[in-house]
Each structure stands twice: as structure tokens, then as C-alpha cells.
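We're numbering straight along the sequence, starting at 1.
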Amino acid sequence: MICIVTALHAEAQPIIENYHLKKSCEVSAFEYFCGDALELIVCGVGKVRAAAATSFILKDRAHDGRLLAFNIGVCGAKKDYPIGSLFLCNKLTDYSAGRSFYPDILFKHNLREAALHTFDRPLCGEPPGEAIELADMEGSAFFQAASLFLGPHQIFS
């Protein structure tokens with residue numbers, strides 16, 4: 001089973017269409033879609049909503065060793081990264097808490113890896129301090145919540 005968390009419906013729409021997912025009316029707090037081997041939840045913007053939606057979609061599957069959780073979405077990036085570039089995050093940092101999380105990427109792939117910084121509000125201009133590769137408002141919360149249910153080798157952003 002694959003569980004996907006997106007912040008916005010626009011991020012979810014291509015996945016919903018490609019995998020012919022059906023909307024469930026049972027969930028009222030979030031938009032929730034399901035198919036044969038894939039479930040998707042649209043959490044909304046921000047860390048609290050990301051953590052809540054991630055916990056909701058994973059709560060009944062805590063011990064499924066075959067389950068994979070993905071956080072998929074659009075993020076801010078360095079100016080030299082072309083729009084539409086695809087990244088696999090190898091480090092997620094909660095900027096306000098100063099904590100970092102590291103998924104275990106135990107498979108070969110041809111994706112560009114990058115570090116993702118999660119912020120509490122949208123950035124305007126350059127962020128203070130260190131150079132930021134990628135920036136969003138949900139990634140670190142998704143990873144922390146998913147880590148309550150899955151191993152770090154089952155969580156991808």
C-alpha cells in the first residue's frame with residue numbers, strides 16, 4: 001500500500017487522475033481519495049495540518065512493513081533549480097525547531113537528492129542564515145508524524 005500526503009488539491013489532482021482514485025465522503029476534515037493500492041490525503045497548508053493528516057492516513061497501518069508513505073508537492077527552491085525539477089529529500093529540517101530528520105534511502109534511484117527546510121510561514125526573499133536548497137511548510141511535520149508509525153526507510157518526501 002502507498003499513502004500519499006499533499007498540501008494542496010492542485011498537487012493531488014494529477015495523481016488522482018492518473019490512478020483513477022475515488023473521493024471518500026467518510027472523511028470530513030480532509031479530502032481523502034483511495035484506489036486499489038494507493039490512498040491520498042490533501043492536508044492543507046502548514047505543519048499542524050500535515051501532521052494530523054499523516055497520522056490519520058497511517059493510524060490503522062502501523063505495523064505494515066510493506067507500507068510506503070510519500071509527501072509530494074511543490075516547494076520553493078534555489079534559483080539555479082529549474083521549475084519542475086524532481087527531488088528526493090535526504091534531510092528534512094524544521095527551521096523553527098532547529099531539528100533535522102533523515103530518511104533511510106536504501107534503494108538505487110536516479111533522482112536528484114536535496115535537503116528540505118520546513119518553515120512556519122512563506123518565505124519572502126532569501127531566508128536568514130544557511131543556504132536553503134528546498135523550502136516548504138509541511139515536510140518536517142509529515143516526516144515526524146509518519147515516523148510514529150513507520151520506519152525511516154518507508155518515508156519519502
- prompt: Quick one: does Y95's side chain get under 4.5 Å of S140's, heavy atoms only?
  reply: no
- request: Kindly check if the number of other-residue, nucleotide or ligand heavy atoms within 6.0 Å of OH (Y19) is above 12?
  value: no
message: Restricting to non-hydrogen atoms, name the atom on A50 and the atom on A141 that form the minimum distance, rounded to 0.1 Å.
response: CB-CB, 4.3 Å
task: Kindly work out whether a path of hydrophobic side-chain contacts (I/L/V/M/F/W/Y, heavy atoms less than 4.5 Å apart) joins I2 to L106.
output: no
task: Grab the two heavy atoms, one from T93 and one from S100, that are nearest each other, plus how far apart they are.
output: OG1-OG, 2.8 Å
task: Decide side-chain contact (heavy atoms from CB on, under 4.5 Å) for E11 and I72; before the verdict, give the C-alpha distance in whole Å, the side-chain angles of both, and the deciding distance to 0.1 Å.
output: CA-CA 7 Å; E11 298 165 337; I72 297 175; 5.9 Å; no
field: Closest approach of L92 to G139 (non-hydrogen atoms, all atoms of both residues)
entry: CD2-O, 3.5 Å
- prompt: Going through the checks in order, is the side-chain contact (heavy atoms from CB on, under 4.5 Å) test met by D136 and N71?
  reply: CA-CA 11 Å; D136 83 342; N71 175 223; 4.2 Å; yes
task: Have a look at D94 and tell me which of H117, K47, R99 forms a side chain to side chain donor-acceptor pair (under 3.5 Å) with it.
output: K47
message: Just verifying a value: how many Å separate L40 CG and S24 OG, rounded to the nearest 0.5 Å?
response: 12.0 Å
- prompt: SG/C89 to CG/L111 distance, rounded to the nearest 0.5 angstrom?
  reply: 10.5 Å
- request: Using the side-chain contact (heavy atoms from CB on, under 4.5 Å) rule, take H9 and I16 through it: C-alpha gap first, then chi angles, then the decisive distance, then the call.
  value: CA-CA 10 Å; H9 187 83; I16 293 166; 3.9 Å; yes
- prompt: Is the backbone of K23 close enough, under 3.5 Å, to the side chain of E31 for a donor and an acceptor to pair up by distance?
  reply: no
query: Would F142 and T118 count as a side-chain contact (heavy atoms from CB on, under 4.5 Å) if you check the C-alpha gap in whole Å, the side-chain angles of each, and the deciding distance to 0.1 Å?
result: CA-CA 10 Å; F142 160 79; T118 300; over 6 Å; no
Check: F143 and T54 side chains under 4.5 Å, non-hydrogen atoms: no
Aromatic ring pairing F156/F107, orientation class (parallel under 30°, perpendicular over 60°, tilted between): perpendicular
Pairwise side-chain contact, S147 with F101, heavy-atom cut-off 4.5 Å (strictly under): no
message: Would you compute the distance between atom CG of L116 and atom OG of S157 and round it to the nearest 0.5 angstrom?
response: 6.5 Å
- prompt: Hey, what do you get for SG (C34) to CD1 (I57), rounding to the nearest 0.5 Å?
  reply: 9.0 Å
message: Is there a side-chain contact between E138 and V45 in this structure, where contact means two heavy atoms from C-beta onward sitting under 4.5 Å apart?
response: yes
field: Hydrophobic cluster membership, L38 vs L68, 4.5 Å side-chain cutoff
entry: yes
- prompt: Is N18 atom CG crowded by more than 12 heavy atoms from other residues, nucleotides or ligands, each under 6.0 Å away?
  reply: yes
- request: State, with a plain yes or no, whether a side-chain heavy atom of F87 is found less than 4.5 Å away from one of E133.
  value: no
query: Any idea which heavy atoms bring M137 and R121 closest together, and the distance?
result: CE-CA, 3.6 Å
- prompt: Between H109 and L88, which heavy-atom pair has the shortest distance, and what is it?
  reply: NE2-CD2, 3.7 Å
message: Membership question, hydrophobic clusters at under 4.5 Å side-chain separation (ILVMFWY): are M1 and L150 in the same one?
response: yes
- prompt: Are any of the side-chain heavy atoms of I4 and F33 separated by less than 4.5 Å?
  reply: no
query: Less than 4.5 Å apart, any side-chain heavy atom of L67 and any of L58?
result: yes
same_hphob_cluster(L148, F56) at 4.5 Å side-chain heavy-atom cutoff: yes
task: Considering non-hydrogen atoms only, spot the tightest contact between A12 and V42 and give its length.
output: CB-CG2, 3.8 Å
message: Within the structure provided, determine whether T6 and L8 are in side-chain contact (heavy-atom separation under 4.5 Å).
response: no
query: Is Y32 reachable from L21 through a run of hydrophobic residues whose side-chain heavy atoms are each under 4.5 Å from the next?
result: no
